[in-house]
Participant: 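Let me give you the structure first, and then I'll get to my questions.
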There are 2 protein chains.
Amino acid sequence: MTEPIKLLLADDQALVRGALAALLSLEPDLTVVAEVGRGDEVVPAARRTRPDVALLDVEMPGLDGIAATTALRAAVPGCRVLVVTTFGRPGYLRRAMEAGANGFVVKDTPARQLADAVRRVHAGLRVVDPTLAAETLATGPSPLTERETEVLRTARGGGTVAELAATLHLSEGTVRNHLSAAIGKTGARNRADAVRVAEENGWLLGE
Amino acid sequence: MTEPIKLLLADDQALVRGALAALLSLEPDLTVVAEVGRGDEVVPAARRTRPDVALLDVEMPGLDGIAATTALRAAVPGCRVLVVTTFGRPGYLRRAMEAGANGFVVKDTPARQLADAVRRVHAGLRVVDPTLAAETLATGPSPLTERETEVLRTARGGGTVAELAATLHLSEGTVRNHLSAAIGKTGARNRADAVRVAEENGWLLGE
DNA sequence: CCACCGCCCTGACAAATGTCACGGGTGGAA
DNA sequence: TTCCACCCGTGACATTTGTCAGGGCGGTGG
């Protein structure tokens, strides 16, 4: 028998993290060598423990899973990345793959498939939920321009145009223009609706 | 040695559900007798398998964890309920306790404490995160009236006042009044802001 | 009984929002 | 170079939104 596959787990919910560790430790060919709860702890832990595969959640404090993927691929090239996330948002998959992830698994896939996904990723294969992949192809990339995304992201907090303009150092008219464009592109009726749509599609990632 | 404690797990994310099962099955005095992914499957499964303790997530399709708690306490009185949730929202804890839950655990508690929480609940004790309990007492119950809550809940979708009025069978003026009252009570600036605040406090639960 | 409270509605008003047309600036692609 | 897309800004406009002051209705409790 060969060496077991060494795993790093990153998830902000300690209970889920521990449970995943228990689940994966049941497999004789897998061993968990590190667990972290923040995105910015991924690279330091990986440098220390040299895992073969890292399982990263997208929603994490410090650094989101996508950014952590980028950092990890740069710092420890030999370590493969399997992104495990709650939300099957098309934009997440796209961004994860662009960041260099080797696999993408949603948290409502059956538990028994997770170990297989890990093994496939370790073997150099790509693992992607086919349904989500189709959806991603269908929705296409974000139609929003960079500023529109930024404005929409800031508008999540629910402030007035004046406040948005102040925090973004823009004029009110410009903010309104960007919002109007975003509303049009998302097919929404409202600013709030536009924020919702963009968020559901994973177009508001980063920062 | 006595009989092991029989558990029912309810969580919409199959991966988390399976992982929790793996984690709890490591304990010799615990055994998982049922796993379900929807709130409305809790009672039927409990009738079949007669668990001693049910671990219920709050966010579930079909029936949320609070409503499932109420139904389960009525249908299978001998079964204790431990609510396990992602979000430590004050309103959730309050509602869960009112519904008859015996314990309330947030998903970022350490994994090793979960089995103890289960044992305490089974022994008839109450298990509550002290920090969250304090916060709940501080925030108090929802200041929103029933209609205000309903209007705010409908406003989550992000439609215009006219649409809200149509789906709620109310006049536009009334909808505006309820929204205005809700905005005042939540200390928000906006309709969107009010929705956000109310949601974060767990005041929008049910349906 | 009457006061009170929540609910529903009206109408009107100021403020915020969404839309449009326009111009100037920049940088990349044809 | 010339185009084109994006960015930033202006100003004006119709619509929507939030607020306020009222009034009517049905319960509950002193």
Side-chain angles (χ1 to χ4, degrees), chain A residues 91 94-95 98 140-201 203-207, chain B residues 91 95 98 140-199 201 203-207:
Chain A
R94 178 180 301 272
R95 299 281 300 274
E98 287 170 0
S142 171
L144 301 174
T145 164
E146 194 179 338
R147 281 302 179 294
E148 287 161 0
T149 307
E150 195 178 352
V151 172
L152 218 51
R153 202 148 46 201
T154 312
R156 265 187 304 193
T160 69
V161 173
E163 291 171 333
L164 299 186
T167 65
L168 291 170
H169 305 289
L170 292 178
S171 112
E172 296 195 15
T174 305
V175 170
R176 270 211 281 274
N177 276 345
H178 285 310
L179 284 174
S180 185
I183 290 170
K185 288 180 180 177
T186 53
R189 323 176 166 334
N190 264 349
R191 171 191 318 190
D193 202 10
V195 169
R196 206 175 46 76
V197 171
E199 205 153 41
E200 281 174 3
N201 287 1
W203 292 339
L204 259 39
L205 220 60
E207 180 56 18
Chain B
R95 298 281 301 273
E98 287 169 359
S142 170
L144 301 175
T145 164
E146 194 181 336
R147 282 300 181 291
E148 287 162 1
T149 307
E150 194 179 352
V151 171
L152 217 52
R153 201 145 49 199
T154 313
R156 266 186 303 193
T160 68
V161 174
E163 292 170 333
L164 299 186
T167 65
L168 291 170
H169 306 289
L170 292 179
S171 114
E172 297 195 14
T174 305
V175 171
R176 269 209 283 272
N177 275 346
H178 285 311
L179 285 174
S180 185
I183 291 170
K185 289 180 180 176
T186 52
R189 320 176 171 337
N190 263 348
R191 173 188 321 190
D193 202 9
V195 169
R196 206 173 46 75
V197 171
E199 206 154 39
N201 287 355
W203 292 338
L204 261 39
L205 219 60
E207 181 57 18

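Everything numeric here is computed off the predicted structure, so don't read it as measured data. Numbered from 1 within each chain, the chains take letters A, B, ... in sequence-line order.
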Participant: For the helix from C/dC1-D/dG30 to C/dA30-D/dT1, how many degrees between its two end axes (five pairs per end), to the nearest 10°?
Facilitator: 30°
Participant: In whole Å, what is the span from the CD atom of A/Glu163 to the P atom of C/dA15?
Facilitator: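 Distance, rounded to whole Å: 16 Å.
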Participant: Rounded at 0.5 Å granularity, tell me how far CZ in B/Arg147 sits from OG1 in B/Thr174.
Facilitator: 10.5 Å
Participant: Which letter, B, S or -, goes with each nucleotide of nucleotides 7-14 of chain C from 5' to 3', with contact meaning a protein heavy atom under 4.0 Å?
Facilitator: SSBB----
Participant: Any salt bridge (charged side-chain N to carboxylate O under 4.0 Å, His left out) pairs touching residues 167-180 of chain A, not counting sequence neighbours?
Facilitator: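 Qualifying pairs, neighbours excluded: none.
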Participant: For residues 184-194 of chain B, pull every pair meeting side-chain hydrogen bond (donor to acceptor under 3.5 Å, both in side chains), keeping only residues two or more places apart or in separate chains.
Facilitator: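 side-chain hydrogen bond (donor to acceptor under 3.5 Å, both in side chains) check on residues 184-194 of chain B returns A/Glu163-B/Arg189, B/Glu148-B/Lys185, B/Asp193-B/Arg196.
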Participant: Can you tell which of A/Val197, A/Ile183, A/Leu179, A/Leu164 makes a side-chain contact (heavy atoms from CB on, under 4.5 Å) with A/Leu152?
Facilitator: A/Leu179
Participant: Looking only at heavy atoms, which two atoms of B/Thr149 and B/Trp203 are closest? And how far apart?
Facilitator: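 Shortest heavy-atom contact: CG2-O, 3.3 Å.
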Participant: Give me the first and last nucleotide of DNA chain D, going 5' to 3', that has any atom under 4.0 Å from a heavy atom of chain B.
Facilitator: D/dT17 to D/dC20
Participant: Looking at every non-hydrogen atom in both residues, tell me the closest pair between A/Ala194 and A/Ala188 and how far apart they are.
Facilitator: N-CB, 3.4 Å
Participant: So, for B/Leu204 and B/Ala198, which heavy atoms are closest and what is the spacing to 0.1 Å?
Facilitator: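 Minimum heavy-atom separation between B/Leu204 and B/Ala198: CD1-CB, 3.5 Å.
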Participant: Among residues 184-199 of chain B, which ones have heavy-atom contacts with DNA chain D below 4.0 Å?
Facilitator: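 Within residues 184-199 of chain B, the residues near DNA chain D are B/Asn190, B/Arg191.
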